[in-house]
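Comments concern the structure below.
Lettering follows sequence order; numbering is per chain, from 1. None of the values given here were measured: they were computed from a predicted structure.
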Protein chains: 2
Amino acid sequence: MTAEAAQEPSRQTPQCAAVPGAVLDGPVSHSISRVARLHRIAAGRLLRDLGLHPGQEFLMMHLWDSGAVRQSELIKAVGLDPSTVTKMLQRLEQSGHVRRRPDPADRRASLVEATEASCGLLMAVREAWGELERQTLEGLDATERTELARLLAKVEGSLCTSAARAAEADCHSPHQGPLDC
Amino acid sequence: MTAEAAQEPSRQTPQCAAVPGAVLDGPVSHSISRVARLHRIAAGRLLRDLGLHPGQEFLMMHLWDSGAVRQSELIKAVGLDPSTVTKMLQRLEQSGHVRRRPDPADRRASLVEATEASCGLLMAVREAWGELERQTLEGLDATERTELARLLAKVEGSLCTSAARAAEADCHSPHQGPLDC
DNA sequence: GATTTTACCTTGGCCGACCAACTAATGGGG
DNA sequence: CCCCATTAGTTGGTCGGCCAAGGTAAAATC
């Protein structure tokens, strides 16, 4: 297929030609993956100084917004797997950002809230997210930004209904992913 | 939303400043994160039946394209951390998708190639990626698709230069992330 | 009131991905 | 020729994230 690979055993493959044919099916998918990774790395870099790992900020933001909240509510809000949230909360609790106590009204549930100490991070995290947004959208003018937001929202909807459709098709199978669209 | 919160003033209001919607700073960033997660889940669902975990398809695609390749080349091509690639290759080798042998020309290096058995997956993986692309772009017309691709490429570029800038600023620090833009 | 069902969380296992630190081989200057 | 910086890969640790399975408590049903 690829003419250059068939013939030249020498290395020094020119970087620019490094777009393999596999990218041909799914250029946007590849782009999404790469953007996601870069975005996550950028977030991690900005969050690192605050003592947060990428992903935790979602939980903290919701806690800062909502005050004490039942863990199930939190899980529904962020749309993650319950076990993921459990472990993240265990780590956040150990690092002092979060406090948990049993719900007096329901002995199965537990209430989660951000600690007072963590509130000092609120502004810093918001600032970091602002900076992240700035870095992300740097180079796009206003109309491009709104257009990107619109398209992403549309893609999100599509992927969501796709996931729901797949889940519904597998409803008899023991598969019950965290679907929350 | 949060209608019940407003309805219950007795609820422990957050001790931190009551900020309505931390999502406000960084709407596109939030959207990117959610889309990325949904996209990865969709990819995982499509890849699961093929015995591949999400992320491995990148490696396999490159191997199918390039034949036997030095591991360092592979690492450069996918842009991942070397240790990540090492572990993924160990698992892919154990599951029979990949073969590794030492490079006779350089005793440090090792050559990686896809096994013949794995080649049966090639078409299936391409098909899966095609389906993923279809699900992702479902609901977008042609101009929207090209526009999305264009905007994503621009964002990718921005995030890349941002990362490079940050890395350069930290060049004295022991930080040397896998930057490859 | 007893039984089934459902909801809430936890644990263990696995994988992708990162960083830090390490070994080993290569190759370039004194 | 030897020393030293660079390159190639590996290991260990940590985290986010998923799935599968389990245990306990509330709610629904009988």
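For C/dC9, neither phosphate oxygen OP1 nor OP2 lies less than 4.0 angstrom from any side-chain nitrogen or oxygen of A/Gln90. For the pair B/Thr84 and C/dG16, the criterion of a side-chain N or O lying under 4.0 Å from OP1 or OP2 is not met. The side chain of A/Gln56 places an N or O atom within less than 4.0 Å of a non-bridging phosphate oxygen (OP1 or OP2) of D/dG16. For C/dT26, one of the phosphate oxygens OP1 or OP2 lies less than 4.0 angstrom from a side-chain nitrogen or oxygen of B/Arg107. OP1 or OP2 of C/dT10 has at least one side-chain nitrogen or oxygen of A/Arg100 nearer than 4.0 Å. Note on A/Arg91: a side-chain N or O is less than 4.0 Å away from OP1 or OP2 of D/dC15. Of the side-chain N and O atoms in B/Arg37, none sit less than 4.0 angstrom from OP1 or OP2 of D/dG17.
Here the C1' atom of nucleotide C/dC15 and the NE2 atom of B/His97 are 15 Å apart, to the nearest Å. Distance, A/His53 NE2 to C/dC19 C1': 10 Å, rounded to whole Å. Taking atom CD1 of B/Ile41 as the reference point, atom P of C/dC15 lies 18 Å away to the nearest angstrom. We find that CG of B/Leu38 is positioned 10 Å from P of D/dC18, with the value rounded to whole Å. For the pair A/Asp81 CG and C/dG12 P, the interatomic distance rounds to 16 Å; values are reported in whole Å. Rounded to whole angstrom, the span from the CG atom of B/Asp103 across to the P atom of D/dT10 amounts to 13 Å. If you measure from atom CD of A/Glu57 to atom C1' of D/dC15, you get 13 Å, rounded to the nearest angstrom. Rounded to an integer number of Å, the gap from A/Glu73 CD to C/dA7 C1' is 13 Å.
Evaluation of atom-type donor-acceptor distances gives no pair under 3.5 Å for the side chain of A/Ser83 against the base of C/dC9. With hydrogens and angles left out, the side chain of B/Lys76 and the base of D/dG9 share no donor-acceptor pair within 3.5 Å. Checked by distance alone, B/Lys87 brings no side-chain donor or acceptor within 3.5 Å of a matching partner on the base of D/dG9.
Counting heavy atoms from C-beta on, the side chains of B/Ser31 and A/Glu156 come closer than 4.5 Å.
Of the listed nucleotides (C/dT26, C/dC19, C/dG16), C/dC19 has the atom at the smallest distance from the side chain of A/Arg48. Out of C/dT11, D/dG9, C/dC18, the shortest distance to the side chain of A/Thr86 is found at C/dT11.
Within a 6.0 Å radius of CD in A/Glu138, other residues, nucleotides and ligands contribute more than 12 heavy atoms.
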Requested in this report: Check the pair B/Ser29, A/His39 against side-chain hydrogen bond (donor to acceptor under 3.5 Å, both in side chains), reporting the backbone distance first and the verdict last.
Outcome: CA-CA 8 Å; B/Ser29 289; A/His39 186 264; 3.1 Å; yes

Requested in this report: Could you please spell out the steps behind the salt bridge (Lys or Arg N to Asp or Glu O under 4.0 Å) verdict for A/Glu116 and A/Arg99?
Outcome: CA-CA 10 Å; A/Glu116 300 80 8; A/Arg99 182 175 25 230; 3.1 Å; yes

Report task. Go through the steps to decide whether A/Gln71 and A/Arg100 satisfy the test side-chain contact (heavy atoms from CB on, under 4.5 Å), and finish with yes or no. Result -> CA-CA 9 Å; A/Gln71 190 165 325; A/Arg100 289 156 80 200; 3.5 Å; yes

Using nucleotides 4-8 of chain D, report all nitrogen or oxygen pairs with the protein that are shorter than 3.5 Å.
{"residue": "D/dT7", "atom": "O2", "partner": "B/Arg108", "partner atom": "NH1", "Å": "2.5"}

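Remark: the A/Gln94 side chain and the A/Gln90 side chain contain no N/O donor-acceptor pair separated by less than 3.5 Å.
Looking at B/Glu73 and B/Arg70, no side-chain N of the basic residue comes within less than 4.0 Å of a carboxylate O on the acidic one, giving no salt bridge. In summary, B/Arg101 and B/Glu113 engage in a salt bridge, as defined by a charged side-chain N under 4.0 Å from a carboxylate O.
Where B/Leu89 and A/Phe58 meet DNA chain D, the nucleotide closest to each residue was compared, and B/Leu89 sits on the side nearer the 5' end.
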